[in-house]
Amino acid sequence: MRSAALLVIVIAACSGDEPPPAQNNCTGAAYDKCNDEHDCTSMDCRPFATIQVCTQACSDTAPCPNDEMGNAVSCNSGVCQPAAANNCKLAATP
(Lines give C-alpha, C1' and ligand atoms only; values in the text may rest on other atoms or scores of the structure.)
Protein backbone atom coordinates (compact mmCIF):
# COMPACT_ATOMS: atom_id res chain seq x y z
CA MET A 1 0.00 0.00 0.00
CA ARG A 2 2.80 2.40 0.89
CA SER A 3 4.62 1.85 -2.42
CA ALA A 4 1.40 2.50 -4.37
CA ALA A 5 0.99 5.87 -2.63
CA LEU A 6 4.60 6.75 -3.39
CA LEU A 7 4.10 5.83 -7.04
CA VAL A 8 1.07 8.16 -7.25
CA ILE A 9 3.11 11.02 -5.77
CA VAL A 10 5.99 10.44 -8.20
CA ILE A 11 3.65 10.30 -11.21
CA ALA A 12 1.82 13.46 -10.09
CA ALA A 13 5.12 15.30 -9.65
CA CYS A 14 6.21 14.40 -13.21
CA SER A 15 2.97 15.12 -15.03
CA GLY A 16 3.26 18.92 -15.47
CA ASP A 17 3.62 20.53 -18.89
CA GLU A 18 5.61 23.52 -17.66
CA PRO A 19 9.24 23.60 -18.81
CA PRO A 20 11.82 23.81 -16.05
CA PRO A 21 13.01 27.31 -15.15
CA ALA A 22 15.69 28.56 -17.51
CA GLN A 23 19.20 28.18 -16.17
CA ASN A 24 21.01 29.86 -19.08
CA ASN A 25 20.99 33.57 -19.79
CA CYS A 26 19.78 34.54 -23.24
CA THR A 27 22.69 35.46 -25.51
CA GLY A 28 20.82 37.13 -28.36
CA ALA A 29 20.85 34.00 -30.52
CA ALA A 30 18.02 33.19 -32.91
CA TYR A 31 14.80 32.47 -30.97
CA ASP A 32 16.11 33.80 -27.62
CA LYS A 33 13.63 35.94 -25.68
CA CYS A 34 14.06 39.69 -26.17
CA ASN A 35 12.65 43.06 -25.17
CA ASP A 36 14.00 45.02 -28.13
CA GLU A 37 16.44 44.76 -31.04
CA HIS A 38 19.43 45.48 -28.77
CA ASP A 39 18.89 42.09 -27.08
CA CYS A 40 19.55 40.27 -30.39
CA THR A 41 22.75 39.65 -32.33
CA SER A 42 20.61 39.96 -35.49
CA MET A 43 19.18 43.28 -34.21
CA ASP A 44 15.71 41.87 -35.00
CA CYS A 45 13.34 41.32 -32.04
CA ARG A 46 9.73 40.55 -33.00
CA PRO A 47 6.50 39.69 -31.23
CA PHE A 48 4.64 36.62 -32.46
CA ALA A 49 1.36 35.21 -31.11
CA THR A 50 2.49 34.41 -27.56
CA ILE A 51 6.25 35.06 -27.65
CA GLN A 52 8.70 37.82 -28.43
CA VAL A 53 12.02 36.53 -29.75
CA CYS A 54 15.17 37.33 -31.67
CA THR A 55 14.65 36.33 -35.28
CA GLN A 56 16.21 36.80 -38.69
CA ALA A 57 15.31 37.17 -42.34
CA CYS A 58 14.75 34.03 -44.39
CA SER A 59 13.90 32.94 -47.93
CA ASP A 60 13.90 29.84 -50.11
CA THR A 61 17.67 30.15 -50.51
CA ALA A 62 18.32 31.19 -46.87
CA PRO A 63 16.16 28.90 -44.69
CA CYS A 64 15.62 29.34 -40.96
CA PRO A 65 17.93 27.56 -38.54
CA ASN A 66 16.30 24.84 -36.44
CA ASP A 67 15.17 25.71 -32.92
CA GLU A 68 17.11 24.61 -29.83
CA MET A 69 15.30 21.25 -29.84
CA GLY A 70 16.23 20.58 -33.48
CA ASN A 71 12.74 21.30 -34.85
CA ALA A 72 12.34 23.02 -38.20
CA VAL A 73 11.26 26.67 -38.02
CA SER A 74 8.86 28.25 -40.53
CA CYS A 75 9.76 31.16 -42.75
CA ASN A 76 6.68 33.42 -42.71
CA SER A 77 6.66 36.59 -44.81
CA GLY A 78 10.46 36.58 -44.94
CA VAL A 79 11.03 36.17 -41.18
CA CYS A 80 11.80 33.03 -39.13
CA GLN A 81 8.90 32.33 -36.76
CA PRO A 82 9.57 29.63 -34.14
CA ALA A 83 6.81 27.83 -32.27
CA ALA A 84 8.46 28.67 -28.93
CA ALA A 85 11.24 30.80 -27.50
CA ASN A 86 14.52 29.22 -26.44
CA ASN A 87 14.59 28.16 -22.80
CA CYS A 88 16.78 31.00 -21.54
CA LYS A 89 16.49 33.75 -18.98
CA LEU A 90 16.33 37.30 -20.32
CA ALA A 91 18.55 39.66 -18.34
CA ALA A 92 16.66 42.22 -16.29
CA THR A 93 16.63 45.72 -17.72
CA PRO A 94 18.04 48.45 -15.46
Side-chain angles (χ1 to χ4, degrees):
M1 177 79 161
R2 186 175 204 188
S3 62
L6 181 59
L7 179 61
V8 170
I9 291 170
V10 170
I11 291 171
C14 296
S15 65
D17 291 331
E18 290 292 317
Q23 300 300 317
N24 306 358
N25 288 329
C26 295
T27 62
Y31 321 134
D32 276 1
K33 299 168 189 162
C34 58
N35 290 318
D36 60 41
E37 70 276 5
H38 301 289
D39 292 331
C40 305
T41 56
S42 66
M43 298 299 288
D44 194 353
C45 175
R46 295 197 189 211
F48 295 109
T50 59
I51 58 173
Q52 183 161 317
V53 296
C54 297
T55 189
Q56 64 187 48
C58 55
S59 67
D60 291 339
T61 57
C64 298
N66 291 345
D67 68 15
E68 70 180 348
M69 301 302 289
N71 300 313
V73 172
S74 321
C75 181
N76 292 324
S77 301
V79 177
C80 296
Q81 184 176 350
N86 290 339
N87 186 21
C88 63
K89 187 171 33 177
L90 188 59
T93 53

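Keep in mind that what you see is a predicted model, and the values were worked out from it rather than measured. One is the number of the first residue; the rest follow in order along the sequence.
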Enumerate the residue pairs fulfilling salt bridge (Lys or Arg N to Asp or Glu O under 4.0 Å) with a member in residues 69-79, sequence neighbours excluded, ordered by first and then second residue.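 Every pair satisfying salt bridge (Lys or Arg N to Asp or Glu O under 4.0 Å) with a residue in residues 69-79: there are none.
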Among residues two or more places apart or on two chains, list those pairs meeting salt bridge (Lys or Arg N to Asp or Glu O under 4.0 Å) that have a residue in residues 41-65. Asp44-Arg46
Side chain to side chain donor-acceptor pair (under 3.5 Å) filter on Asn25, not counting sequence neighbours, yields none
Report the residues that fulfil side chain to side chain donor-acceptor pair (under 3.5 Å) with Thr50, sequence neighbours left out, ordered by chain and then residue number.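 In terms of side chain to side chain donor-acceptor pair (under 3.5 Å), with neighbours along the sequence ignored, Thr50 is linked to no residue.
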For a quick test of reading the model, state the closest non-hydrogen atom pair linking Lys33 to Ala85 and the distance between them.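 That closest heavy-atom pairing would be CG-CB, 3.8 Å.
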Minimum-distance pair of heavy atoms, taken over all atoms of Pro65 and Tyr31: O-OH, 2.7 Å
Acceptor/donor pairs from residues 71-84 side chains to any protein atom, 3.5 angstrom cut, sequence neighbours excluded:
unit_1 : atom_1 : unit_2 : atom_2 : d
Asn71  : ND2    : Asp67  : OD2    : 3.3
Asn76  : ND2    : Gln81  : OE1    : 2.9

Sequence neighbours left out, what passes side-chain contact (heavy atoms from CB on, under 4.5 Å) with Cys34? Give chain and number order. Asp39, Cys40, Cys45, Gln52, Cys54
Sequence neighbours excluded, which residues qualify as side-chain contact (heavy atoms from CB on, under 4.5 Å) partners of Thr27?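 Checked Thr27 against side-chain contact (heavy atoms from CB on, under 4.5 Å); matches are Ala29, Asp32.
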Is there a donor-acceptor contact under 3.5 Å from the side chain of Glu68 to the main chain of Asn87?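 Yes, Glu68 side chain to Asn87 backbone: donor-acceptor pair under 3.5 Å.
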Any chance you could pull the hydrophobic cluster mates of Leu90, using side-chain heavy atoms under 4.5 angstrom and chaining through other members?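 Joined to Leu90, directly or through intermediates: none.
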